[in-house]
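Only one structure is covered here, and it is reproduced in the block below.
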Amino acid sequence: KSAALPCQAAALPIPLTGDKTVYHILKLIAAATLGAAAAALIQETRVRAREMDTAYGVLNRAGVEARLRRLRGAVDVLFIDLDHMHDLNSELGYAEVDRRIRQALELRRRDVLIGRWYSGDELVVIATAGDGAGLAERLSARMAAVGLSATIALVSASPRHAIETAMRHVQTAKADGIRGQVLRCS
């Protein structure tokens, strides 16, 4: 059952343009009809929408960075650079490549953060220290199973340092012609 709303959008004298206007109208309607819990849910949904990458169904960079600020201690970080993305997108189409990436990333573990980094071909995975090696091998195998290849660097360190270090290792490996491998870095 849906709750009866005290007004309809068409009857509102406010133009429904722009994300903020719609958000504030929804917030007012929810607060008036369903109370504070609904308003909090709308706020949470808005934050999630800002932090999610809809193409891959993972966090975007802002979402990863928001969670990084809360992490303490060493973690395992995988920096993943998908190989030959331009060619794959040309050959298979963007929608098919995105579908394959989503499928490969379906790990759904509570202790693992997955997010897009700079572009569509760069991903970051943050896991509990000690879990990264097995996770990197599983991700590499999942990528191969859907016809993708990735160069993956694994670094154990503080989250920010580990991402930057892993990213440099992947960039160096790719510059040296290395593709489709898991690199264990220090």
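FYI, the numbering just counts along the sequence from 1.
- Taking CG from D98 and CG from L92, the interatomic distance works out to 11.0 Å, rounded to the nearest 0.5 Å.
- R99 meets the salt bridge (charged side-chain N to carboxylate O under 4.0 Å, His left out) test with E96; sequence neighbours excluded.
- Taking CG of L154 as the reference point, atom CZ of F79 lies at 13.5 Å (rounded to 0.5 Å).
- With hydrogens and angles ignored, the 3.5 Å screen pairs no side-chain donor or acceptor of R116 with any backbone N or O of V58.
- Taking the side-chain contact (heavy atoms from CB on, under 4.5 Å) definition, one finds that L148 meets it with L88, R100, I101, M143, V146, sequence neighbours left out.
- In this structure, I126 CD1 and L68 CG are separated by 4.0 Å, a value rounded to the nearest 0.5 Å.
- Applying the salt bridge (charged side-chain N to carboxylate O under 4.0 Å, His left out) rule to R61 yields the partners E65; only residues at least two apart in sequence or on another chain are considered.
- To the nearest 0.5 angstrom, E122 atom CD is 11.0 Å from T151 atom OG1.
- In the hydrophobic clustering of this structure, M52 groups with Y118; members are Ile, Leu, Val, Met, Phe, Trp, Tyr whose side-chain heavy atoms approach within less than 4.5 Å, directly or through other members.
- With sequence neighbours excluded, the residues that form a side-chain contact (heavy atoms from CB on, under 4.5 Å) with A129 are D76.
- Applying side chain to side chain contact (heavy atoms under 4.5 Å, CB included) to L123 and the options L78, I80, V64 leaves one that passes, I80.
- Residue pairs satisfying the salt bridge (Lys or Arg N to Asp or Glu O under 4.0 Å) criterion with at least one member in residues 176-186, sequence neighbours excluded, are listed as follows: E137-R184.
- Checked by atom type and distance alone, the side chain of S140 never pairs as donor or acceptor with a backbone atom of A136 at under 3.5 Å.
- Closest heavy-atom contact between R67 and E51: NH1-OE1, 2.8 Å.
- Take D121 and apply the side-chain contact (heavy atoms from CB on, under 4.5 Å) test, not counting sequence neighbours, and it matches D81, L82, M85, S119.
- Between the side chain of S158 and the main chain of A74, no donor-acceptor pair closer than 3.5 Å is present.
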